[in-house]
Amino acid sequence: MNSAAELIARVREGDDEAFGMIFERYSRPVMSFIYHMIGERDAAEELAQDTFVRAYKNIHALRDESKLSVWLFGIAKNVARESLRARRRSGGEVALDDAAAQLLSDGAPLPDNQLLGKELGGVIRKALGSLNEDKRLVFVLREFHQRSYEEIAEITGFSMPKLKGDLHRARAEMRSLIRPYMEVRDEV
Amino acid sequence: MRCEDCLPRVEEYLDGELGHEAAARVRAHLAACATCRDEHESLSHEREIYTSYARELELTPPSWAVVRARIEREKGRAAEGDFRPPRAAAPAFFSTLFGALFSRPAPLVAAALLLVVVFAAGVWRFLPGSSRVEPARIAAQDAPRADDAATPPDATRGDDVNVQKDVEADVADGGTYATSVTRGGPSDARVRSSAARPSSSRHRGAVDVPTETASASPPDGFVREAIASGSIENLEDAIEAYEQETGDAGRFVSESSGDADAQSSALHFERAQMLLRSLENLRQAGGRETLDISYAKRQSRRLLYRNTVLRQEAEASGDLPEREMLGSLEPLLLEIANLPERATQNDIRAVKERMRKGEIIAALQIHALAPQK
């Protein structure tokens, strides 16, 4: 299996297929990360493309090849943030395109049999959307991508105290939002 | 170990982020304490839910063919000399201008950049209200909440302890800056400049990026947009994104060549200008009494470290104009770094007044236009 350093070296020599292998390796996690940051699948796909195009253009800037993944996520973080910022400026809101989440957001009482796995996924996504950007960022990187604190600090630029504080608060907020559904689910 | 010591550490323990000894103590306590064990199990259960959710999430990944086609288009544009900044936000006019600028020497680039920034700011001011970019929120999105009291012991809401700890950490490892740190008011960590040592190539919280591309490159259109918006938060993010992706960092790195030194100080002055202009444009939104300027503080602290190093280098090389410019800038950076996390209008006004009296932005512009050695 090609190491990241080998692939990067080949890309720098003009081997686009090597970049294709990097893409294959990281496109899913990058897109998943962006999706959880912005909440829209179609937009996440496009922003994931933006991420890799930017990465290709700036591959020369990557000094430590062993940190390729962290570097890519750093670009993805920037891309997602720019998108969120652009939406705020235009007065838009982050939309949830999950049907279950839409159902939950209309305030209608839920039938007992709806509070199962798939719907819990919608609840999680809705809860994520209620976190502020910084908390969502560290929460997603930690819980969905199992990044170490050090990696999260590198990706986000946050200090360790801020990172830990945001992560703790994010977990508490998520817990308060999903726990009622977890309790009902456990009772079913 | 007591429960009140264990509970705040359970999360880190689960994350595998505790040191060996601390983890052993937590583990021993969990074996003996049902309350803490319940908390541990509850957190574990939540983790399993999130892990399952992430694993089961079905997302169609982007297509390599599409990405490859975009890359080929970018290559084609580059070959034709049609420069496009990484972000598509810059209008075509600026794209063309930057394309021409990149082939020019650094001083001319810096001078042209200043003209562009001044022009853009002037155009922005006179545009009809509907086209003006609304200033992004200045205050923190998460206002202080009751549950903030439940934060881990080493994380405080105001982050003043973080400032102190960051600076003390720098001192402890003989890093960038020798400072004496004292606590001022209730929510104020004061940083005082004392003797400085050469910077180590250490930057908190960013992937190392090479500096061989560092030059007096004009900031990306997105950065200029951030300046015009008057949002320190936007500026911070824009600078970080630009540096992280392009490698045009030029900070906390010691360059050996004279050209690299000139470019490094030019970039430093450019960043200082951007920070000061953003403060100048800062406006209070919606009747709030205080403004969250934590980003400006952080940026100012970074610039302060760099400023001290550059000033020492200028002294050593006998570059008096450079030394004087850096000497004029340093107290202002210190003042910004010493502002409270939530600054009042009076605090900001005092800094703006100092900037105006010292004509520091104009001085930075003039200095940038002076021929480099």
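Chain naming here is simple, since letters A, B, ... match the order of the sequence lines and numbering starts at 1 in each. Computed from a prediction, not measured in an experiment: that's the story for all the values here.
- The CG atom of Asp16(A) sits 3.5 Å away from the NZ atom of Lys75(B) when rounded to the nearest 0.5 Å.
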Legend entry - Ile71(B) vs Phe52(A), side chain to side chain contact (heavy atoms under 4.5 Å, CB included): CA-CA, chis, key distance, verdict: CA-CA 9 Å; Ile71(B) 289 173; Phe52(A) 283 95; over 6 Å; no

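- For a residue to count as touching a neighbouring chain, one of its non-hydrogen atoms must lie under 4.5 Å from one of that chain's; by this rule Ser52(B) does not touch chain A.
- The CZ atom of Arg142(A) sits 5.0 Å away from atom CZ of Arg47(B), with the distance rounded to the nearest 0.5 Å.
- Using a 4.5 Å heavy-atom threshold, the side chains of Val67(B) and Tyr56(A) count as separate.
- With a 4.5 Å cut-off on side-chain heavy atoms, Arg175(A) and Leu43(B) count as touching.
- Rounded to the nearest 0.5 Å, atoms OG (Ser63(B)) and CD (Glu45(A)) are 8.0 Å apart.
- Looking at heavy atoms from C-beta onward, Pro8(B) lies out of side-chain contact with Lys164(A) at the 4.5 angstrom threshold.
- Partners of Tyr53(B) according to the ring-ring contact (aromatic ring centres under 6.0 Å, His included) rule, which considers only residues two or more places apart in sequence or in another chain, are His36(A), Phe144(A).
- Proximity of Pro61(B) to Phe23(A): side-chain heavy atoms (C-beta onward) are nowhere separated by under 4.5 Å.
- Between Arg28(A) and Thr60(B), the side chains place no donor N or O within less than 3.5 Å of an acceptor N or O (distance only, hydrogens not considered).
- Between Phe139(A) and Tyr50(B), the closest side-chain pair of non-hydrogen atoms falls below 4.5 Å.
- Phe73(A) does not touch chain B: none of its heavy atoms, backbone or side chain, sits under 4.5 Å away.
- Residues Met31(A) and Pro62(B) share a closest heavy-atom pair of SD-CD, 3.5 Å.
- Proximity to chain B is absent for every atom of Glu151(A), based on heavy atoms less than 4.5 angstrom apart.
- For Asp15(A), the side chain to side chain contact (heavy atoms under 4.5 Å, CB included) partners at least two apart in sequence or on another chain are Arg10(A), Glu17(A), Ala18(A).
- In this structure, the side chains of His168(A) and Glu12(B) stay at 4.5 Å or more apart for every pair of heavy atoms.
- Heavy atoms of Tyr149(A) lying under 4.5 Å from chain B belong to its backbone as well as its side chain.
- Heavy-atom pairs under 4.5 Å with chain B were tallied for Gln49(A), Glu46(A), Glu24(A); the largest tally goes to Gln49(A).
- Note on Glu150(A), Met174(A), Gln146(A): by heavy-atom pairs under 4.5 Å with chain B, the leading option is Met174(A).
- A salt bridge does not link Arg171(A) with Glu46(B): every distance from a Lys NZ or Arg NE/NH1/NH2 to an Asp or Glu carboxylate oxygen is 4.0 Å or more.
- The CZ atom of Arg54(A) lies 10.0 Å from the CZ atom of Arg70(B); values are rounded to the nearest 0.5 Å.
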